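A, B, ... follow the sequence lines: proteins, then strands. Residue 1 opens every chain. Keep in mind that this is a model prediction, so the values were computed, not measured.
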Amino acid sequence: MTMILKRIMHIEDDPSIQEVARVALEVVGGFEVRSCDSGADGLAAADDFSPQLVLLDVMMPGMDGPQTLIELRKLPCMQGVPIVFMTAKAQTQEVAAYRDLGAAGVIIKPFDPMTLSDQIREIWEYKHA
Amino acid sequence: MHESEQLVAQLAALEERFRQRLHDELDELNHLADHLHRTPGALQDLRDRLHKLAGSAGTFGYAVLGERCRELEQRAQAELDAPHRSSAVLNSLAEATHHLNQLLEHTPDARTEHQRLDTPTTDEGDQRHIGLLVADDQMREQLERTLGSFGYQTSCFDNPTTLHQADHIDAMIVDTSPPGSTLLQDPVFRQRDAQSPPLLVISSQDNFTGRLHAVRVGAIGFFTKPVDLPMLESRLERCFNTLQGGPFRVLIIDDDTELSARYALVLSSAGMMVDTLSDPQQLLDKMTAFSPEVVLMDLSMPQYSGPELAQVIRLNDDWLRVPIVYLSAEVNAERQMSALLKAGDDFITKPISDSALLTTVYARAQRARMVSEALARDSLTGLLKHADIKEQVEIEAERALRTRSPLTVAMIDIDRFKSVNDRYGHASGDSVIRALSNLLRQRLRKIDRLGRYGGEEFVAVLPGCSEDDAFSILDSIRQAFSAVQFSSTQGKPFNCTFSAGISSCMAPGWNNSALLEDADRALYQAKESGRDRVCKAGVSSN
């Protein structure tokens, strides 16, 4: 039986995207969302929030998405937690490269706020099918 | 319902905040663009900010701006990757960045599509931009005039490099004459890839080598002089339609749900719309509801074989053109062939890499869509036929009555068409008909209905459009059409005109039963008073 997805951590440095994703995930999906401004913020909040899924921007100043993924994976609380990349880059090779890094899925920007939650649920259900 | 209203309200508030922030963001981009030459790190900052905007603008409805930012981001990245900075590239990047502000005014917002539809003119934001690399002055002028008439914007270039560096070109037309030209062997043509804008090649010689060179640089059209310009325009339109027709729909039938979910993820990551089916009993319902353009099917499932299911699909005439691709670990050629003989079109052998899966499905889907479009339309014009357009007039008249909104019907007839056929041949006549239908389609709105009523007679149904508005649109189309230069099969240039009659009904107390007849009478009046004009029937009020 699939575990119900409730807590999503969103790591994104662009406040506009952060806000719209939060509204979309909270209102449409009914998820509990923790928004983090940077990879370092995400790492610091992971233990306390204990996300079931992480939505991670690829290109961020300082620690970028792939680096953040590697660091998150080292935390005991993050073992087995699916990490989904969110990126404006959507070339086939890049999607394949993100998967090789262990990403559970890739969501392409611009995204539709109305269907973002469905996309996340689809990835979650696939991961737990 | 409540949630969705709440979401719409919150999104609207966020969009407003984004819009306000956007002005500051564009100011910052302009500032960086001005300092590209002087400030170290400015190019990288510019790239980062463009990347951010590429991701966010589209989410807030500024799709065109988002796309443009993405293109500029890629150009900035290419320059960052280059061993030396090129002053010309930096200048062009700075200039293109300064132009981003203009997109704020012209950007069509997806959430206000219904408002755009009410405006009875073509939106400037929809205009396609065609880059011309044509040395022959006469040819270039003809192209500019004809493509302009069809609503395309054109820009001229004098070498392959500037053409490929140009900002936001949707398609390019390259003239390779005189004979022996090595233009297509220029390295920039050889570096073209799937992301490059579609290329049409014009040549003075119709030979195998010329066509081969064109194919090698990825051209999608090859035209020999004298160029049939309406035919060239048709090709452009077809290529944009294929690009525009929404995501490809792919159905995966496999009892291994984990594997089909994996394929589905790969295909949907590339923008395709994917549905999966694990219980073949639901096959017919799924085919009807989802209407896939490609079916991927496991060759052997517990109770049914792939070929059996493929044959079930093929029993329905509507699905004959849907390609069926088997997914299988089967490498035995004989067994593969036996499956293909029963039904099915291709094999993908598992395991398959993500990119190979994508390429196979993409190629099949693209081809299927082209075939499907060709079959669904009237072979010459792609418009509705007589009975269908008459039905549309009735449907729209009823709707107009219900909604108390105006409706205009136009009847359009090509002037002296018989003499075109007699003097220049039927192939030229067909080309005139095709050109007018393309022009009408380009210039009218998506909600308008268009049909070929008879040989050279067309009907346009314009909901929500008053007689005066319809008059000005049709009159501008009339002028554009008369500027289109045709050429006979012998290369002789000629022009054509049309006459049109329009009839509207306005609430209240109107009469919508005689719209077509009234339009026909007005058309007769236009013919009688000298042709090449649009006449109004006058508002029917009882």
Side-chain angles (χ1 to χ4, degrees), chain A residues 12-30 57-62 64-65 82 84-100 103-119 122-129, chain B residues 2-11 13-15 17-19 21-22 25 45 47-63 65-67 69-70 73-74 77 110-111 194-195 257-258 260-262 264-266 268-271 274 276 353-355 357-359 362:
Chain A
E12 162 73 64
D13 64 313
D14 183 340
S16 313
I17 291 290
Q18 216 182 70
E19 284 169 10
V20 79
R22 173 189 278 276
V23 168
L25 294 171
E26 285 181 350
V27 179
V28 186
D57 183 29
V58 171
M59 201 191 262
M60 293 184 289
D64 68 6
V84 178
F85 275 125
M86 209 177 200
T87 175
K89 289 191 170 186
Q91 309 288 357
T92 316
Q93 304 92 314
E94 283 160 354
V95 170
Y98 298 145
R99 285 188 187 287
D100 289 346
V106 179
I107 287 177
I108 292 154
K109 294 184 202 171
F111 60 89
D112 178 1
M114 301 289 184
T115 58
L116 179 66
S117 294
D118 287 344
Q119 280 180 279
E122 206 174 294
I123 294 172
W124 174 260
E125 277 161 17
Y126 166 64
K127 199 71 192 164
H128 291 83
Chain B
H2 175 69
E3 273 180 6
S4 116
E5 280 166 17
Q6 190 190 347
L7 178 69
V8 169
Q10 293 196 17
L11 286 178
L14 286 177
E15 276 173 18
R17 291 228 297 272
F18 178 78
R19 202 178 59 76
R21 223 179 280 160
L22 196 52
E25 191 56 40
D45 279 358
R47 192 268 323 259
D48 291 351
R49 280 182 180 268
L50 285 167
H51 175 84
K52 219 158 245 20
L53 211 48
S56 56
T59 303
F60 290 99
Y62 293 89
L65 176 68
E67 270 302 304
C69 286
R70 179 152 164 66
E73 177 207 344
Q74 285 169 339
Q77 183 63 55
R111 289 192 190 87
Q195 314 292 329
T257 50
E258 199 167 320
S260 55
R262 154 127 198 105
L265 264 179
V266 172
S268 46
S269 295
V274 187
T276 56
S353 73
D354 290 356
S355 57
L357 176 72
L358 264 180
T359 314
Y362 184 82

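Of the two parts of Ile123(A), only the side chain, counted from C-beta on, holds a non-hydrogen atom closer than 4.5 Å to a non-hydrogen atom of chain B. Contacts of Arg49(B) with chain A are absent, with no heavy-atom separation under 4.5 Å from either backbone or side chain.
The line from OG of Ser16(A) to CD of Glu25(B) is 8.0 Å long, rounded to the nearest 0.5 Å. Atoms OG and CD, from Ser268(B) and Glu122(A) in turn, are 6.0 Å apart once rounded to the nearest 0.5 Å. Taken from OG in Ser56(B) to CD in Glu12(A), the straight-line distance is 8.5 Å, to the nearest 0.5 Å.
Nearest approach of Ala104(A) to Leu265(B), heavy atoms of both residues: O-CD1, 4.1 Å. When every heavy atom of Leu14(B) is checked against every heavy atom of Val23(A), the shortest pair comes out as CD1-CG2, 3.6 Å. Contact detail for Pro110(A) and Ala54(B): the closest heavy-atom pair is CD-O, 4.1 Å.
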Run Lys52(B) and Asp13(A) through side chain to side chain contact (heavy atoms under 4.5 Å, CB included) and show every step you take. CA-CA 9 Å; Lys52(B) 219 158 245 20; Asp13(A) 64 313; 2.4 Å; yes
Take Glu73(B) and Met59(A) through the side chain to side chain contact (heavy atoms under 4.5 Å, CB included) test and state the conclusion after the steps. CA-CA 12 Å; Glu73(B) 177 207 344; Met59(A) 201 191 262; 4.2 Å; yes
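Chain A forms more heavy-atom pairs under 4.5 Å with one residue of Gly66(B), Ala261(B), Ala57(B) than with any other, namely Ala261(B).
For the pair Pro15(A) and Arg21(B), the minimum side-chain heavy-atom distance is below 4.5 Å.
Every residue two or more places apart in sequence or in another chain that forms a ring-ring contact (aromatic ring centres under 6.0 Å, His included) with Phe18(B) is listed here: Phe60(B). Looking at residues two or more places apart in sequence or on another chain, you find a side chain to side chain donor-acceptor pair (under 3.5 Å) between Arg22(A) and Glu26(A), Ser35(A).
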